[in-house]
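Reckoned from all heavy atoms, side chains included, excluding hydrogens, waters and symmetry mates. Every number for a ligand or one of its atoms is a count from 1 in the order of the listing. Just so it is clear, the model here is predicted, and its values are computed rather than measured.
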Amino acid sequence: MKKAIILDLDNTIYPVSSISENLFSVVFDFVDSLAGELGSEEVEKAKAEMQRRPYQQVAEKFNFSEAAKNKGLDLLKDLEYALPMQPYDEYKVISETPIEKYLVTTGFTKLQWSKIKLLGIEADFKAIYIVDPQISAKTKKDIFTMIMNNNNYQPDELLIIGDDPESEIKAASALGIDTFLFDPEDRHPGAAVTHSSKSLKDAVAVFM
Ligand SMILES: [Mg+2]
């Protein structure tokens, strides 16, 4: 049995696709306006990627100009979500399982907090950390290390649950922490993970 689990938020506790149309409409309009600069095919790819990756990484990958990058940052840093949100049904199985839980999520501070509040999950966690590249150079790996140091956890006493092999999964692996990749659409069949499943609730058997 593990002593604690660390969860990612976006696409792990709830599907970003459920809010992206409303949330991103203003940001997508802005990305659409870059069609002259990027080409319309790249614009569509960038919009799809924004549902899975931090904006800064998307802007970098698709070579947004400095002016475009900053305009997007201005839009996003004050954005909050305000419509009702629902976690994945299976998240309930995780939240009801008695084990210490931490939430570590990358994104804009205001936006991530608005989602946490709307999902009603704040009380599920011993601590919540937002990794906001606009505010700090700290990474998920830094936060995982801090959680271990502050609570005297050994790597083998923890499990990281997330959807992104390049983000929390990679950071956890580098620290020798077991990983559970939630991969409902089978997007990452060859990913280097300890456990992987299409079903979030399968994680319970791993940490209990
Ligand atoms: Mg995620």
Exercise. Stepwise, does the ring pair (Phe, Tyr, Trp, His ring centres under 6.0 Å) test hold for Tyr102 with Phe144?
Worked result: CA-CA 10 Å; Tyr102 297 85; Phe144 296 165; 10.0 Å; no
For this session: With salt bridge (Lys or Arg N to Asp or Glu O under 4.0 Å) as the test, would you mind laying out the steps for Arg52 and Asp10 before giving the verdict?
Result: CA-CA 8 Å; Arg52 292 191 291 274; Asp10 296 314; over 6 Å; no
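Cation-pi geometry between Lys115 and Tyr81 is not met at under 6.0 angstrom from the ring centre and within 45 degrees of the axis.
The atom of Asp10 that is an N, O or S and sits closest to the Mg ion (ligand 1) is O. Per residue Asp8, closest N, O or S atom to the Mg ion (ligand 1): atom name OD2.
No hydrogens or angles considered: a donor-acceptor pair under 3.5 Å links the side chains of Ser199 and Glu90.
Because the distance cut-off is set at 2.8 Å, Asp163 qualifies as a neighbour of the Mg ion (ligand 1) through one of its N, O or S atoms. Here Glu168 does not reach the Mg ion (ligand 1): none of its N/O/S atoms is less than 2.8 Å from the metal.
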